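Below: one structure, written as structure tokens.
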Amino acid sequence: MMGNINLDTDFYENEDPIWNPALLTIPVPGIRRMVNLAADMDDVIHLSIGQPDFKPPDHVIQAGVDALKAGQTGYTMDAGLPELLEALAEYYSKRYGRPLSPENLMITTGATEAIYLALTATSAPGREFIIPDPSFMLYGPLIRMNGGTVKSIATRPENNHQLDPQEVIDAMGPNTFAVVLNSPSNPTGTIYPRETIEAIVEEAAYRGIHVISDEVYDHLIYDGREYPSVLSCCSDLDHVMVVSSFSKTFSMAGMRVGWMIGSQGAIKKLRRYHMFTTTVANTPCQWAGVAALRGSNQFIDSMVEEYQQRRDRLVELVEQTPHLTGYRPEGAFYLFPSLPEGVDSANVALKMLRETGVCTISGDTFGEAGKSALRISYSTSLEQIEEAFERIIPWMKKQNFS
């Protein structure tokens, strides 16, 4: 029977009682849809991929190999490999100047599991979560499938998709349980300045509202900026949960090692929940993570320099493209340029893929505010970016969006 099912679409159109109705809150993933369509085409240039295109540092790979050869293939402690917890506590304590202990951390199967745990363990009927729009597609569905509600705060392209802290504060009400932040942002590449983070965190603490911060791009920061983590803006961790991973920082996306930082009480509760999800993260890759943290920052510095060059060139190319309006993202490896108001980005992305072979992601994947935008990833070579726009620019000149 499974052979006749289109796994990408049929479930979402089928209310078969075998499935939990809550699963219907999960939308068809726009990223997967586009990548799957592109897989059946020849000569496709991907400006769609959300992972680094660099090979991990040699010493990180070697540490994983050494762990395998040494027989380090069993389960770790449920909170994670003690050596990795210690290394992360030392790393964050030094980076943000606040003392953290291993008991403030839990290792997860990528940042995705950490986000899943944070949102599904706290979402419940009657609880409202404030989320920027556009935002990473994971947050809203996880909240809704557990009975929570989402209040979106639209960001605007003319403001480089900055989040207005006063809008967030004004949206807080008696049912607000948490604010979800993602800086640098996927899909916009926007970094929220320290004053924005501090204003939101301080008001949330005053009202007993949680702040859940997805900081997986926290090292992909350009133009010499200092990164304002929630960890450096909060007085304590009682209402704060911070998520990150090795995926973007050390190009270890497929190695699936992430973590959650929070109060010791929150981590203790989430460890129990974690045991009923993935149990533990990949053990040899946790050893690779120890090596990543103990090594130099040369890999990160070189990667950031390369991404900044790509970002600069992409901004120039978008400025030369009819019907696209861009801005200058400060972090991550995404640009979220706008199409003319009212234009359906899903149709544009699909038509452009079919007619030019360039794969982008339609903005509606990330929320209502992105319906007339495209997410462009510059996690590919400058040569590929140049070639992509040699196709996109003449194609856009022929379009009539009036």
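Just so it is clear, the model here is predicted, and its values are computed rather than measured.
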If you measure from [atom1] on [X] to [atom2] on [Y], what distance do you get to the nearest 0.5 Å?
{"X": "Gln264", "Y": "Leu105", "atom1": "CD", "atom2": "CG", "value": "10.0 Å"}
{"X": "Gln72", "Y": "Leu81", "atom1": "CD", "atom2": "CG", "value": "7.5 Å"}
{"X": "Thr321", "Y": "His323", "atom1": "OG1", "atom2": "NE2", "value": "10.5 Å"}
{"X": "Thr380", "Y": "Leu47", "atom1": "OG1", "atom2": "CG", "value": "7.0 Å"}

Okay, side chain of [X], backbone of [Y]: is any donor-acceptor separation there less than 3.5 Å?
{"X": "Thr108", "Y": "Ala111", "result": "no"}
{"X": "Arg271", "Y": "Asp78", "result": "no"}
{"X": "Thr122", "Y": "Ala118", "result": "yes"}
{"X": "Asn175", "Y": "Phe177", "result": "no"}
{"X": "Ser183", "Y": "Ser185", "result": "no"}
{"X": "Gln162", "Y": "Ile191", "result": "yes"}
{"X": "Thr190", "Y": "Asn160", "result": "yes"}
{"X": "Ser362", "Y": "Ala349", "result": "no"}
{"X": "Ser101", "Y": "Glu103", "result": "yes"}
{"X": "Thr356", "Y": "Leu353", "result": "no"}

Take atom [atom1] of [X] as the centre, draw a 6.0 Å sphere, and report whether it contains more than 12 heavy atoms from other residues, nucleotides or ligands.
{"X": "Glu167", "atom1": "CD", "answer": "yes"}
{"X": "Tyr206", "atom1": "OH", "answer": "no"}
{"X": "Met41", "atom1": "CE", "answer": "yes"}
{"X": "Arg294", "atom1": "CZ", "answer": "yes"}
{"X": "Tyr139", "atom1": "OH", "answer": "yes"}
{"X": "Gln298", "atom1": "CD", "answer": "no"}

Is there a side-chain contact between [X] and [Y], using heavy atoms and a 4.5 Å cut-off?
{"X": "Ile361", "Y": "Ile376", "value": "no"}
{"X": "Trp19", "Y": "Pro21", "value": "no"}
{"X": "Thr73", "Y": "Thr283", "value": "no"}
{"X": "Met172", "Y": "Ile130", "value": "yes"}
{"X": "Tyr334", "Y": "Pro329", "value": "no"}
{"X": "Val60", "Y": "Met252", "value": "yes"}
{"X": "Cys233", "Y": "Tyr96", "value": "no"}
{"X": "Asn182", "Y": "Asn186", "value": "yes"}

[Y] and [X] side chains, donor-acceptor separation under 3.5 Å:
{"X": "Tyr327", "Y": "Thr188", "value": "no"}
{"X": "Glu215", "Y": "Ser229", "value": "yes"}
{"X": "Thr155", "Y": "His161", "value": "yes"}
{"X": "Gln286", "Y": "Asn282", "value": "no"}

salt_bridge([X], [Y]) N-O dist < 4.0 Å:
{"X": "Glu113", "Y": "Arg256", "value": "no"}
{"X": "Asp164", "Y": "Arg156", "value": "no"}
{"X": "Arg375", "Y": "Asp364", "value": "no"}
{"X": "Asp133", "Y": "Lys371", "value": "no"}
{"X": "Glu387", "Y": "Arg391", "value": "yes"}

Near-ring test [Y]/[X], centroid separation under 6.0 angstrom:
{"X": "Phe366", "Y": "Phe136", "value": "no"}
{"X": "His219", "Y": "Phe250", "value": "no"}
{"X": "Phe333", "Y": "Tyr217", "value": "yes"}

Legend entry - Verdict with reasoning, Asp218 to Lys248, per salt bridge (Lys or Arg N to Asp or Glu O under 4.0 Å): CA-CA 9 Å; Asp218 61 348; Lys248 320 301 181 183; over 6 Å; no
Can you see which heavy atom on [X] is nearest to which on [Y], and at what distance?
{"X": "Pro322", "Y": "Lys397", "result": "CG-CG, 3.5 Å"}
{"X": "Met396", "Y": "Phe401", "result": "SD-CE1, 4.1 Å"}
{"X": "Gly208", "Y": "His239", "result": "O-CD2, 3.7 Å"}
{"X": "Ile221", "Y": "Pro184", "result": "CD1-CG, 3.6 Å"}
{"X": "Gln384", "Y": "Ile45", "result": "O-CG2, 3.7 Å"}
{"X": "Ala292", "Y": "Phe246", "result": "CB-CE2, 4.3 Å"}

Inset, instruction - Decide yes or no on salt bridge (Lys or Arg N to Asp or Glu O under 4.0 Å) for Arg311 and Glu330, but give the supporting numbers first. - result: CA-CA 9 Å; Arg311 185 275 314 261; Glu330 303 101 335; over 6 Å; no
Legend entry - Whether Tyr378 and Tyr222 hold their rings parallel, tilted or perpendicular, with breakpoints at 30° and 60°: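 Aromatic pair Tyr378/Tyr222 classed tilted.
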Legend entry - Contact list for residues 280-304, test ring pair (Phe, Tyr, Trp, His ring centres under 6.0 Å), sequence neighbours left out: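 Found none.
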Legend entry - side-chain hydrogen bond (donor to acceptor under 3.5 Å, both in side chains) evaluation trace for Asp170 with Gln166: CA-CA 6 Å; Asp170 290 345; Gln166 192 58 51; 2.8 Å; yes
